[in-house]
Amino acid sequence: MLHLEDSELLSMFSDENSQNYAFNLIVKKYQQKIYWHIRRMVIDHDDANDVTQNTFIKAWKGLETFKQEAQLYTWLYRIATNESINFLNKKRKVLLLPLIDVERELSNKLEADAYFSGNVIQKKLQKALLQLPEKQRIVFNLKYFEEMKYEDMSTILNTSVGALKASYHIAVKKIEEYLKTH
Amino acid sequence: MKKTNAIENIDSTPQMLYSVGKENPFRVPENYFDTLPISIANKITEKRETSPWIHFFLKKETIYTVSLGCIIAFFVIFFPIISTHYNDSKLSVSDYVIEEKYSSFDEDMLVSFLTENEENKASDNDYLMDYLLHNDTDINLIMEELK
(Lines give C-alpha, C1' and ligand atoms only; values in the text may rest on other atoms or scores of the structure.)
Protein backbone atom coordinates (compact mmCIF):
# COMPACT_ATOMS: atom_id res chain seq x y z
CA MET A 1 0.00 0.00 0.00
CA LEU A 2 1.11 3.52 -0.78
CA HIS A 3 2.24 5.53 2.23
CA LEU A 4 1.81 9.14 1.29
CA GLU A 5 2.16 12.20 3.49
CA ASP A 6 -1.03 13.94 4.57
CA SER A 7 -0.18 17.00 2.50
CA GLU A 8 0.16 14.82 -0.63
CA LEU A 9 -3.14 13.09 0.11
CA LEU A 10 -4.86 16.43 0.59
CA SER A 11 -3.53 17.87 -2.66
CA MET A 12 -4.69 14.68 -4.45
CA PHE A 13 -8.11 15.11 -2.84
CA SER A 14 -8.37 18.69 -4.09
CA ASP A 15 -8.12 17.38 -7.68
CA GLU A 16 -11.56 16.13 -8.72
CA ASN A 17 -10.13 13.34 -10.89
CA SER A 18 -8.22 11.75 -8.02
CA GLN A 19 -10.60 12.69 -5.20
CA ASN A 20 -12.12 9.23 -4.65
CA TYR A 21 -8.73 7.52 -4.81
CA ALA A 22 -7.21 10.02 -2.37
CA PHE A 23 -10.06 9.61 0.08
CA ASN A 24 -9.75 5.83 -0.11
CA LEU A 25 -6.07 6.20 0.78
CA ILE A 26 -6.92 8.48 3.72
CA VAL A 27 -9.43 5.90 5.01
CA LYS A 28 -6.89 3.10 4.67
CA LYS A 29 -4.22 5.15 6.43
CA TYR A 30 -6.32 6.14 9.45
CA GLN A 31 -9.11 3.58 9.71
CA GLN A 32 -7.44 1.44 12.39
CA LYS A 33 -6.43 4.32 14.67
CA ILE A 34 -9.86 5.92 14.38
CA TYR A 35 -11.70 2.63 14.83
CA TRP A 36 -9.80 1.68 18.00
CA HIS A 37 -10.23 5.14 19.46
CA ILE A 38 -13.98 4.88 18.90
CA ARG A 39 -14.16 1.25 20.03
CA ARG A 40 -12.61 2.11 23.41
CA MET A 41 -15.33 4.70 23.84
CA VAL A 42 -18.43 2.78 22.69
CA ILE A 43 -17.13 -0.76 23.56
CA ASP A 44 -19.43 -2.67 21.16
CA HIS A 45 -18.03 -3.58 17.72
CA ASP A 46 -21.25 -2.89 15.77
CA ASP A 47 -21.62 0.52 17.38
CA ALA A 48 -17.94 1.27 16.75
CA ASN A 49 -18.39 0.25 13.11
CA ASP A 50 -21.33 2.66 12.67
CA VAL A 51 -19.55 5.53 14.41
CA THR A 52 -16.35 4.94 12.37
CA GLN A 53 -18.31 5.02 9.10
CA ASN A 54 -20.09 8.21 10.16
CA THR A 55 -16.76 9.75 11.12
CA PHE A 56 -15.29 9.15 7.66
CA ILE A 57 -18.48 10.30 5.92
CA LYS A 58 -18.30 13.55 7.89
CA ALA A 59 -14.62 13.83 7.06
CA TRP A 60 -15.41 13.38 3.36
CA LYS A 61 -18.00 16.16 3.54
CA GLY A 62 -15.64 18.47 5.42
CA LEU A 63 -12.41 17.78 3.55
CA GLU A 64 -13.20 20.30 0.81
CA THR A 65 -13.20 23.10 3.37
CA PHE A 66 -10.45 21.60 5.53
CA LYS A 67 -7.74 24.12 6.34
CA GLN A 68 -4.42 22.61 5.49
CA GLU A 69 -2.66 24.33 8.41
CA ALA A 70 -4.38 21.86 10.73
CA GLN A 71 -3.09 18.32 10.99
CA LEU A 72 -5.28 15.81 9.19
CA TYR A 73 -4.91 13.18 11.89
CA THR A 74 -5.86 15.43 14.82
CA TRP A 75 -8.81 16.68 12.76
CA LEU A 76 -9.99 13.10 12.16
CA TYR A 77 -9.57 12.28 15.85
CA ARG A 78 -11.61 15.34 16.72
CA ILE A 79 -14.48 14.22 14.48
CA ALA A 80 -14.24 10.68 15.88
CA THR A 81 -14.31 11.94 19.47
CA ASN A 82 -17.33 14.16 18.82
CA GLU A 83 -19.14 11.37 17.01
CA SER A 84 -18.49 8.96 19.90
CA ILE A 85 -19.74 11.45 22.48
CA ASN A 86 -22.82 12.20 20.36
CA PHE A 87 -23.48 8.48 19.99
CA LEU A 88 -23.36 7.94 23.77
CA ASN A 89 -25.54 11.01 24.38
CA LYS A 90 -28.12 9.74 21.87
CA LYS A 91 -28.09 6.38 23.62
CA ARG A 92 -28.83 8.13 26.91
CA LYS A 93 -31.72 10.04 25.33
CA VAL A 94 -33.23 7.00 23.61
CA LEU A 95 -32.99 4.74 26.64
CA LEU A 96 -33.73 7.62 29.06
CA LEU A 97 -30.77 6.47 31.11
CA PRO A 98 -28.63 8.60 33.42
CA LEU A 99 -24.87 8.72 32.84
CA ILE A 100 -24.01 5.89 35.23
CA ASP A 101 -26.55 3.47 33.74
CA VAL A 102 -25.16 3.85 30.22
CA GLU A 103 -21.69 3.04 31.54
CA ARG A 104 -23.21 0.06 33.38
CA GLU A 105 -24.83 -1.07 30.15
CA LEU A 106 -21.47 -0.81 28.38
CA SER A 107 -19.91 -2.77 31.23
CA ASN A 108 -22.49 -5.54 30.75
CA LYS A 109 -21.80 -5.50 27.01
CA LEU A 110 -18.13 -6.06 27.80
CA GLU A 111 -19.07 -9.28 29.64
CA ALA A 112 -20.99 -10.63 26.66
CA ASP A 113 -18.77 -9.25 23.90
CA ALA A 114 -17.62 -11.98 21.53
CA TYR A 115 -14.91 -9.66 20.28
CA PHE A 116 -13.30 -9.09 23.66
CA SER A 117 -10.39 -11.42 24.29
CA GLY A 118 -8.74 -9.72 27.25
CA ASN A 119 -7.85 -11.50 30.48
CA VAL A 120 -9.45 -10.84 33.88
CA ILE A 121 -7.20 -7.88 34.74
CA GLN A 122 -7.73 -6.28 31.31
CA LYS A 123 -11.48 -6.63 31.72
CA LYS A 124 -11.17 -5.07 35.16
CA LEU A 125 -9.24 -2.14 33.68
CA GLN A 126 -11.96 -1.59 31.05
CA LYS A 127 -14.62 -1.64 33.77
CA ALA A 128 -12.57 0.82 35.82
CA LEU A 129 -12.42 3.09 32.76
CA LEU A 130 -16.20 2.96 32.44
CA GLN A 131 -16.48 4.47 35.92
CA LEU A 132 -14.67 7.60 34.75
CA PRO A 133 -16.30 10.74 33.37
CA GLU A 134 -16.30 10.78 29.55
CA LYS A 135 -13.49 13.32 29.15
CA GLN A 136 -11.18 11.61 31.65
CA ARG A 137 -11.78 8.32 29.83
CA ILE A 138 -10.86 9.90 26.50
CA VAL A 139 -7.70 11.46 27.96
CA PHE A 140 -6.66 8.19 29.60
CA ASN A 141 -7.25 6.16 26.41
CA LEU A 142 -5.33 8.60 24.22
CA LYS A 143 -2.39 8.81 26.61
CA TYR A 144 -2.18 5.26 27.94
CA PHE A 145 -3.13 3.13 24.94
CA GLU A 146 -2.29 5.40 22.02
CA GLU A 147 0.63 7.22 23.67
CA MET A 148 -0.48 10.46 22.09
CA LYS A 149 1.38 13.71 22.86
CA TYR A 150 -0.43 16.13 25.16
CA GLU A 151 0.00 18.84 22.52
CA ASP A 152 -1.95 16.81 19.94
CA MET A 153 -4.53 15.90 22.56
CA SER A 154 -4.87 19.58 23.33
CA THR A 155 -5.77 20.26 19.68
CA ILE A 156 -8.27 17.40 19.56
CA LEU A 157 -10.02 18.16 22.83
CA ASN A 158 -9.55 21.92 22.78
CA THR A 159 -8.14 21.83 26.32
CA SER A 160 -4.89 23.14 27.75
CA VAL A 161 -1.96 20.76 28.23
CA GLY A 162 -1.94 21.43 31.98
CA ALA A 163 -5.61 20.55 32.31
CA LEU A 164 -5.05 17.36 30.30
CA LYS A 165 -2.14 16.30 32.54
CA ALA A 166 -4.26 16.91 35.63
CA SER A 167 -7.14 15.00 34.05
CA TYR A 168 -4.87 12.02 33.28
CA HIS A 169 -3.46 12.08 36.80
CA ILE A 170 -6.95 12.03 38.37
CA ALA A 171 -8.02 9.24 36.01
CA VAL A 172 -5.00 7.11 36.97
CA LYS A 173 -5.70 7.61 40.68
CA LYS A 174 -9.33 6.57 40.24
CA ILE A 175 -8.34 3.49 38.21
CA GLU A 176 -5.75 2.47 40.82
CA GLU A 177 -8.39 2.78 43.52
CA TYR A 178 -10.84 0.69 41.49
CA LEU A 179 -8.28 -2.02 40.80
CA LYS A 180 -7.40 -2.20 44.50
CA THR A 181 -11.00 -2.45 45.69
CA HIS A 182 -12.48 -4.77 43.04
CA MET B 1 12.96 21.52 41.02
CA LYS B 2 9.99 20.58 43.15
CA LYS B 3 7.62 21.78 40.44
CA THR B 4 9.37 19.64 37.80
CA ASN B 5 9.07 16.57 40.02
CA ALA B 6 5.38 17.23 40.58
CA ILE B 7 4.72 17.46 36.82
CA GLU B 8 6.71 14.28 36.19
CA ASN B 9 4.74 12.58 38.92
CA ILE B 10 1.47 13.67 37.34
CA ASP B 11 2.63 12.50 33.92
CA SER B 12 3.90 9.09 35.02
CA THR B 13 2.01 5.82 34.87
CA PRO B 14 1.92 3.93 38.17
CA GLN B 15 3.40 0.47 38.59
CA MET B 16 0.00 -1.11 39.04
CA LEU B 17 -1.05 -0.20 35.52
CA TYR B 18 2.15 -1.61 34.04
CA SER B 19 1.07 -5.01 35.34
CA VAL B 20 -2.13 -4.70 33.28
CA GLY B 21 -0.17 -3.91 30.14
CA LYS B 22 -1.11 -1.89 27.09
CA GLU B 23 -2.17 -4.74 24.85
CA ASN B 24 -5.46 -4.15 23.05
CA PRO B 25 -8.03 -6.58 24.49
CA PHE B 26 -10.62 -5.92 21.78
CA ARG B 27 -10.93 -7.89 18.55
CA VAL B 28 -12.70 -7.33 15.22
CA PRO B 29 -14.30 -9.79 12.76
CA GLU B 30 -11.92 -11.35 10.26
CA ASN B 31 -10.90 -9.08 7.33
CA TYR B 32 -12.85 -6.23 8.89
CA PHE B 33 -10.26 -3.59 7.99
CA ASP B 34 -10.09 -4.89 4.40
CA THR B 35 -13.81 -4.34 3.90
CA LEU B 36 -14.27 -1.12 5.91
CA PRO B 37 -12.97 1.26 3.16
CA ILE B 38 -15.37 -0.41 0.68
CA SER B 39 -18.32 0.03 3.06
CA ILE B 40 -17.43 3.69 3.58
CA ALA B 41 -17.02 4.25 -0.18
CA ASN B 42 -20.44 2.63 -0.80
CA LYS B 43 -22.11 4.83 1.79
CA ILE B 44 -20.56 7.94 0.27
CA THR B 45 -21.74 6.88 -3.21
CA GLU B 46 -25.26 6.32 -1.80
CA LYS B 47 -25.22 9.80 -0.29
CA ARG B 48 -23.99 11.31 -3.56
CA GLU B 49 -26.74 9.57 -5.54
CA THR B 50 -29.46 10.78 -3.21
CA SER B 51 -30.98 13.86 -4.75
CA PRO B 52 -29.51 17.07 -3.32
CA TRP B 53 -33.15 18.24 -3.05
CA ILE B 54 -33.82 15.54 -0.44
CA HIS B 55 -30.81 16.72 1.57
CA PHE B 56 -32.05 20.29 1.15
CA PHE B 57 -35.54 19.43 2.45
CA LEU B 58 -34.14 17.42 5.35
CA LYS B 59 -32.17 20.40 6.64
CA LYS B 60 -33.55 21.94 9.85
CA GLU B 61 -33.31 25.47 8.45
CA THR B 62 -35.33 24.45 5.39
CA ILE B 63 -38.02 22.82 7.54
CA TYR B 64 -38.36 25.95 9.70
CA THR B 65 -38.46 28.26 6.66
CA VAL B 66 -41.05 26.13 4.83
CA SER B 67 -43.23 25.92 7.98
CA LEU B 68 -43.11 29.69 8.41
CA GLY B 69 -43.93 30.14 4.70
CA CYS B 70 -46.95 27.80 5.06
CA ILE B 71 -48.25 29.77 8.05
CA ILE B 72 -47.88 33.08 6.16
CA ALA B 73 -49.51 31.58 3.03
CA PHE B 74 -52.41 30.28 5.16
CA PHE B 75 -53.08 33.76 6.50
CA VAL B 76 -52.66 35.42 3.11
CA ILE B 77 -55.17 33.00 1.50
CA PHE B 78 -57.70 32.67 4.30
CA PHE B 79 -57.59 36.11 5.92
CA PRO B 80 -59.76 37.81 3.24
CA ILE B 81 -62.36 35.01 3.56
CA ILE B 82 -62.33 35.17 7.35
CA SER B 83 -62.51 38.97 7.40
CA THR B 84 -65.44 39.04 4.88
CA HIS B 85 -67.35 36.54 7.00
CA TYR B 86 -66.61 38.58 10.10
CA ASN B 87 -67.73 41.84 8.45
CA ASP B 88 -70.96 40.16 7.30
CA SER B 89 -71.78 39.20 10.82
CA LYS B 90 -71.23 42.80 11.89
CA LEU B 91 -73.87 44.30 9.47
CA SER B 92 -76.09 46.83 11.21
CA VAL B 93 -79.93 46.88 11.01
CA SER B 94 -79.74 49.78 8.59
CA ASP B 95 -77.56 47.64 6.28
CA TYR B 96 -80.31 45.03 6.19
CA VAL B 97 -82.97 47.65 5.51
CA ILE B 98 -80.93 49.02 2.62
CA GLU B 99 -80.96 45.59 1.02
CA GLU B 100 -83.85 45.36 -1.43
CA LYS B 101 -85.54 42.23 -0.13
CA TYR B 102 -85.83 43.64 3.36
CA SER B 103 -86.84 47.17 2.30
CA SER B 104 -89.62 45.91 -0.04
CA PHE B 105 -90.94 43.67 2.73
CA ASP B 106 -91.05 46.56 5.18
CA GLU B 107 -92.81 48.85 2.69
CA ASP B 108 -95.60 46.36 2.01
CA MET B 109 -96.05 45.65 5.66
CA LEU B 110 -96.25 49.34 6.41
CA VAL B 111 -98.73 50.07 3.60
CA SER B 112 -100.95 47.18 4.54
CA PHE B 113 -100.84 48.14 8.20
CA LEU B 114 -101.71 51.78 7.48
CA THR B 115 -104.55 51.03 5.07
CA GLU B 116 -105.93 48.44 7.45
CA ASN B 117 -106.16 51.12 10.17
CA GLU B 118 -107.84 53.56 7.79
CA GLU B 119 -110.37 50.92 6.79
CA ASN B 120 -111.01 50.06 10.42
CA LYS B 121 -111.58 53.70 11.25
CA ALA B 122 -114.08 54.09 8.34
CA SER B 123 -115.94 50.94 9.27
CA ASP B 124 -116.22 52.15 12.90
CA ASN B 125 -117.77 55.45 11.74
CA ASP B 126 -120.27 53.65 9.47
CA TYR B 127 -121.26 51.38 12.32
CA LEU B 128 -121.91 54.39 14.59
CA MET B 129 -124.01 56.22 12.01
CA ASP B 130 -126.11 53.08 11.42
CA TYR B 131 -126.68 52.73 15.14
CA LEU B 132 -127.82 56.35 15.51
CA LEU B 133 -130.14 56.17 12.52
CA HIS B 134 -131.54 52.86 13.64
CA ASN B 135 -132.42 54.23 17.09
CA ASP B 136 -133.73 57.47 15.58
CA THR B 137 -131.42 59.59 17.63
CA ASP B 138 -131.15 63.31 17.04
CA ILE B 139 -127.54 64.08 16.17
CA ASN B 140 -127.95 67.74 17.11
CA LEU B 141 -128.87 66.72 20.63
CA ILE B 142 -125.72 64.68 20.98
CA MET B 143 -123.65 67.52 19.67
CA GLU B 144 -125.26 69.81 22.24
CA GLU B 145 -124.44 67.34 25.02
CA LEU B 146 -120.83 67.08 23.94
CA LYS B 147 -120.33 70.83 24.04
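For clarity, every value in this text was computed on a predicted model and none was experimentally measured. Sequence lines set the chain letters: A, B, ... in the order given, protein chains first and strands last, and positions in each chain run from 1.
Between Ile44(B) and Phe56(A), the closest side-chain pair of non-hydrogen atoms is not below 4.5 Å. Contact annotation: the side chain of Asn24(A) never approaches that of Ile40(B) to less than 4.5 Å [non-hydrogen atoms, C-beta and beyond]. Under the 4.5 Å side-chain criterion, counting only non-hydrogen atoms from C-beta, Asn24(B) is in contact with Trp36(A).
Both Leu68(B) and Val76(B) are members of a single hydrophobic cluster when ILVMFWY side chains are connected at heavy-atom separations under 4.5 Å. No continuous path of hydrophobic side-chain contacts links Ile38(B) to Val51(A) [ILVMFWY only; heavy atoms under 4.5 Å]. Linking Ile, Leu, Val, Met, Phe, Trp and Tyr residues whenever their side-chain heavy atoms come within less than 4.5 Å places Phe23(A) and Leu10(A) in a single cluster. By the criterion of side-chain heavy atoms lying less than 4.5 angstrom apart, applied directly or through intervening Ile, Leu, Val, Met, Phe, Trp or Tyr residues, Ile77(B) is grouped together with Phe75(B) in one hydrophobic cluster. Cluster annotation: Tyr35(A) is not connected to Tyr115(A) through the hydrophobic network of ILVMFWY side chains, with a link wherever side-chain heavy atoms come within less than 4.5 Å.
With chain A as partner, the option from Pro29(B), Ala41(B), Gly21(B), Ser39(B) having the largest number of non-hydrogen pairs under 4.5 angstrom is Pro29(B). Comparing Ala114(A), Ala48(A), Gly162(A), Ser117(A) by heavy-atom pairs within less than 4.5 Å of chain B, the highest count is held by Ser117(A).
A distance-only check finds no donor-acceptor pair linking the side chain of Gln53(A) to the backbone of Lys43(B) [under 3.5 Å]. Judged purely by atom type and a 3.5 angstrom limit, Arg39(A) uses its side chain to pair as donor or acceptor with the backbone of Arg27(B).
By the side chain to side chain donor-acceptor pair (under 3.5 Å) test, Lys58(A) pairs with Glu83(A), sequence neighbours left out. Partners of Lys174(A) according to the salt bridge (Lys or Arg N to Asp or Glu O under 4.0 Å) rule, which considers only residues two or more places apart in sequence or in another chain, do not exist here.
Phe140(A) touches chain B through its side chain: at least one heavy atom from C-beta onward sits under 4.5 Å away, while N, CA, C and O do not. With a 4.5 angstrom heavy-atom cutoff, Ile170(A) does not touch chain B via any of its atoms. In this structure, the portions of Asn49(A) lying under 4.5 Å from any heavy atom of chain B include both its backbone and its side chain. In this structure, chain B has a heavy atom under 4.5 Å from the side chain of Leu125(A), while its backbone stays farther away.
Counting non-hydrogen atoms of other residues, nucleotides and ligands closer than 6.0 Å to CD of Glu151(A) gives a total above 12. The neighbour count for Phe33(B) CZ, taken as heavy atoms of other residues, nucleotides or ligands under 6.0 Å away, is above 12.
Of the inter-residue distances, the one linking Gln31(A) atom CD with Tyr32(B) atom OH reads 8.0 Å to the nearest 0.5 angstrom.
For His45(A) and Phe26(B), the gap between ring centers reaches or exceeds 6.0 Å.
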